[in-house]
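Here is the naming used below: chain letters follow the sequence lines, and residue numbers restart at 1 for every chain.
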Protein chains: 2
Amino acid sequence: MNRRETTKAETSEIILASAKKILLENGIVKCTMRSVAAEAGVSPASVVVHFKTKTGLIEAALHEDIEHTIMHAIAGLPEDRPLLDRLMHIWGAMFRFYDTNRNLYRELLRSTTFETDADSPHIKEQMDRFLRFLSTIVRDEQAAGNIDSRLESLVAAESLGAFYFMMLIRFIRDPEMTPAAAAAHLAKITQQFLAGIEPQLG
Amino acid sequence: MNRRETTKAETSEIILASAKKILLENGIVKCTMRSVAAEAGVSPASVVVHFKTKTGLIEAALHEDIEHTIMHAIAGLPEDRPLLDRLMHIWGAMFRFYDTNRNLYRELLRSTTFETDADSPHIKEQMDRFLRFLSTIVRDEQAAGNIDSRLESLVAAESLGAFYFMMLIRFIRDPEMTPAAAAAHLAKITQQFLAGIEPQLG
DNA sequence: TTCATAAATTAAACATGTTTAATAAAACGT
DNA sequence: ACGTTTTATTAAACATGTTTAATTTATGAA
């Protein structure tokens with residue numbers, strides 16, 4: 001890397017660290033381009049140069065945490081348990097994570113969900129990767145004879161993902177809903193689906 | 001209604017009409033609180049008084065169109081066709097509708113989807129009503145012996161709704177995706193689900 | 001009618017995301 | 001080494017959603 005490139009990378013890091021700090025300590029409302037810039041000792045325009053938009057900045061600041069939560073949940077996935085239990089292990093972890101700061105993640109979801117794939121490549125990549133992961137789980141279950149082997153595993157994975165995301169939306173929309181309640185309802189829906197794709201006897 | 005109440009209602013109508021006109025003729029980017037206020041011959045602050053936020057205004061301006069699209073699709077629902085065909089009739093109409101102005105509806109979806117139920121009661125009500133409708137369709141199919149009658153119809157309806165909404169998100173995120181392509185993919189997912197909830201023989 | 005109260009409306013100000021035009025400095029070819 | 005070009009940075013301006021405080025207007029009681 002050049003001198004130029006290194007200093008640019010360093011500046012990016014400083015801005016990102018400032019954004020994380022403010023988000024954590026003061027919340028999303030206080031996290032403005034100006035406050036982040038001030039904390040980083042840089043001009044607001046510079047924040048724009050480095051992260052393009054405020055959405056880009058927040059996405060960059062929070063994306064790692066989400067990634068980490070997913071990975072942690074996957075790492076602790078219980079072996080030798082029914083598929084529903086394993087899925088609920090992941091979904092439960094996600095709901096509890098989003099529950100730690102609902103307004104913050106509402107903002108993130110709001111500003112990223114309906115962006116163009118090109119405009120929020122992080123999200124697209126994360127979604128794709130997660131779908132592929134679900135798809136391998138489905139294939140494992142097919143191999144173990146728990147799911148009809150004629151099924152397209154990716155389509156089944158998409159269904160499971162759709163259930164989760166619908167529930168996430170409802171969870172964020174309803175502040176009264178606890179992570180446990182969201183997980184329980186999601187379990188019901190998932191259960192119905194899984195029962196349907198069990199192999200037929202005979 | 002009072003004189004006060006009537007004039008207030010009239011003002012609301014004028015503002016709403018102005019918003020619709022600008023959205024239609026100039027698009028979402030040109031639809032600002034100031035431009036709407038100017039078109040309506042009213043102050044920007046007045047728009048806030050009447051619609052609370054810009055999101056509230058846009059929601060009010062577009063909500064009817066969506067409602068109309070749904071109702072129209074439901075009214076033209078083909079009788080005596082398999083459930084999948086009937087669902088696709090609705091989904092197809094919705095995708096084609098959103099396709100008429102993707103940026104506009106992206107903005108609407110973005111600003112409403114993750115709001116609190118309390119903050120966007122319109123949306124919640126629309127979602128609930130549509131779920132109930134899907135649920136009655138499922139019950140009809142159960143009565144006709146096409147779906148396992150032990151199923152909870154509302155849960156199945158939620159699944160179908162989840163598939164649709166996931167596909168809508170993908171549709172909005174990917175500008176290259178045609179309404180037909182979105183519908184086709186959604187059909188595949190729905191098909192897999194429906195096959196699973198057919199009554200078991202014996 | 002008259003006056004006090006409540007409500008509708010607005011001008012001006014504010015906060016914030018983003019753009020523009022200018023500056024300073026590194027990179028690179030000669 | 002020198003001059004040109006590219007690039008990181010920024011100050012100032014801009015556009016827009018929203019708030020505030022003041023003004024005008026209608027309502028209802030005395």
Original post:
Can a side chain N or O of T11(A) be found less than 4.0 Å away from OP1 or OP2 on dT9(D)?
Top reply: yes
Subject >> Parallel, tilted or perpendicular: rings of F193(A) and F163(A) (30°, 60°) >> reply: perpendicular
**OP:** Check whether NZ of the Lys or CZ of the Arg R110(B) lies under 6.0 Å from the centre of the six-membered ring of Y105(B) and within 45 degrees of that ring's axis.
**Re:** no
Original post:
Is the CZ atom of R129(A) crowded by more than 12 outside heavy atoms at less than 6.0 Å?
Top reply: yes
**OP:** Identify the 5'-most and 3'-most nucleotides of DNA chain C with at least one atom closer than 4.0 Å to a non-hydrogen atom of chain B.
**Re:** dA6(C) to dA13(C)
Original post:
Roughly how many Å is it from NE2 in H50(A) to C1' in dT10(D), rounded to a whole number?
Top reply: 11 Å
Original post:
Is the H63(B) ring parallel, tilted or perpendicular to the H122(B) ring (thresholds 30°, 60°)?
Top reply: parallel
Original post:
How are the rings of Y164(A) and F130(A) set to each other: parallel, tilted or perpendicular (split at 30° and 60°)?
Top reply: tilted
**OP:** Please examine the side chains of L151(B) and Q142(B), heavy atoms only from C-beta on, and report whether any two atoms are closer than 4.5 Å.
**Re:** yes
**OP:** Test R139(B) against S135(B) for side chain to side chain donor-acceptor pair (under 3.5 Å), laying out the working first.
**Re:** CA-CA 6 Å; R139(B) 273 199 296 277; S135(B) 164; 3.1 Å; yes
Original post:
Tell me, which of residues 31-43 of chain A have any heavy atom that sits under 4.0 Å from an atom in DNA chain D?
Top reply: R34(A), V42(A), S43(A)
**OP:** Inspect the surroundings of CD in E25(B) and state if more than 12 heavy atoms from other residues, nucleotides or ligands are less than 6.0 Å away.
**Re:** yes
Subject >> Whichever of A45(A) and V29(A) has its nearest DNA chain C nucleotide further upstream toward 5' >> reply: V29(A)
